[in-house]
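Remember, it's a predicted structure, so these values are computed and weren't measured experimentally.
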Amino acid sequence: MFNVAAFLSYVFLTAYTPGPNNIMAMSNASNDGFKKSFRFCLGVLAGFFVVVTASAVFSAALYDFIPKIEPFMRFVGAAYILWLAWTILRDKPKNKKGNKVRLEPNCFFTGMVMQFVNVKVILYGITTFSTLVLPHFTGVMQVSFFVLLLTVIGFSGTCCWAMFGSIFSRIFAEHKRGLNVVMALLLGYCAISILL
């Protein structure tokens with residue numbers, strides 16, 4: 001049975017936790033303002049859509065050609081999610097004295113092309129489809145819905161980091177340990193529900 005809570009926990013946690021897209025969007029917005037950084041965010045949207053679509057096709061092809069791979073994919077996906085939880089739980093605050101990173105250029109093309117080398121997005125797409133979506137939904141319209149949903153959620157995470165860049169930095173710095181524990185527990189819940 002499709003576990004909506006596990007799906008939404010994993011998808012939102014992955015989309016809203018720090019990663020290349022979010023950090024670059026935050027940096028661009030803090031230097032150039034949200035309006036100018038929005039071009040970068042739109043590039044992320046376009047590239048993200050392509051990568052998530054490719055992940056869905058790749059995962060579905062594996063299921064079609066090698067049906068016995070499904071339990072293995074579920075195990076690998078759950079292991080990856082547990083690794084993410086462990087990584088988040090162990091993360092320690094870093095000293096950021098004078099470490100302002102200037103990421104150039106702040107443009108659509110950079111945001112789009114960056115997705116094709118963004119391991120977090122690639123693993124996000126493959127893990128979500130192979131462990132959470134395809135075991136329950138296989139129709140083209142259903143899978144297309146999930147592609148769009150993941151893309152919109154990923155885009156909203158990037159825009160949120162761009163819009164509230166400096167505010168999020170302060171919140172994470174002040175409450176980093178508590179936030180990490182909550183995120184790790186939610187990811188652990190996702191991994192366990194995948195295996196059940």
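- Looking only at atom types and distance, the side chain of T131 has no donor-acceptor partner in the side chain of Y10 under 3.5 Å away.
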Do any side-chain atoms of residues 42-55 form donor-acceptor pairs under 3.5 angstrom with protein atoms, and if so which ones, sequence neighbours left out?
unit_1: T53; atom_1: OG1; unit_2: F49; atom_2: O; d: 2.7
unit_1: S55; atom_1: OG; unit_2: V51; atom_2: O; d: 2.9

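- Closest approach of Q115 to N21, counting heavy atoms only: NE2-OD1, 2.7 Å.
- Considering CZ of F129 and OH of Y124, their distance stands at 8.5 Å, rounded to 0.5 Å.
- With sequence neighbours excluded, the residues that form a side chain to side chain contact (heavy atoms under 4.5 Å, CB included) with F109 are C107, M112, V113.
- Looking only at side-chain heavy atoms (C-beta outward), Y16 and S156 come within less than 4.5 Å of each other.
- Between F38 and C159, the closest heavy-atom pair is CE1-SG, 3.8 Å.
- One hydrophobic cluster, built from ILVMFWY side chains closer than 4.5 Å, cannot hold both L132 and V57; they sit in different ones.
- Partners of N22 by side chain to side chain donor-acceptor pair (under 3.5 Å), not counting sequence neighbours, listed by chain and number: T158.
- Side-chain atoms of S37 come within 3.5 Å of backbone N or O of F34 as a donor-acceptor pair.
- What you find for A60 and L134 is that their closest heavy atoms are N-CD1, 3.3 Å.
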Give every donor-acceptor pair under 3.5 Å between a side-chain atom in residues 135-150 and any protein atom, sequence neighbours left out.
unit_1: Q142; atom_1: OE1; unit_2: T138; atom_2: N; d: 3.3
unit_1: Q142; atom_1: OE1; unit_2: G139; atom_2: N; d: 3.0
unit_1: S144; atom_1: OG; unit_2: V140; atom_2: O; d: 2.7

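- Not a single donor-acceptor pair under 3.5 Å links the side chain of S9 to the backbone N or O of A6.
- Note: the hydrophobic cluster containing V152 does not contain V4 (ILVMFWY, side chain heavy atoms under 4.5 Å, direct or indirect links).
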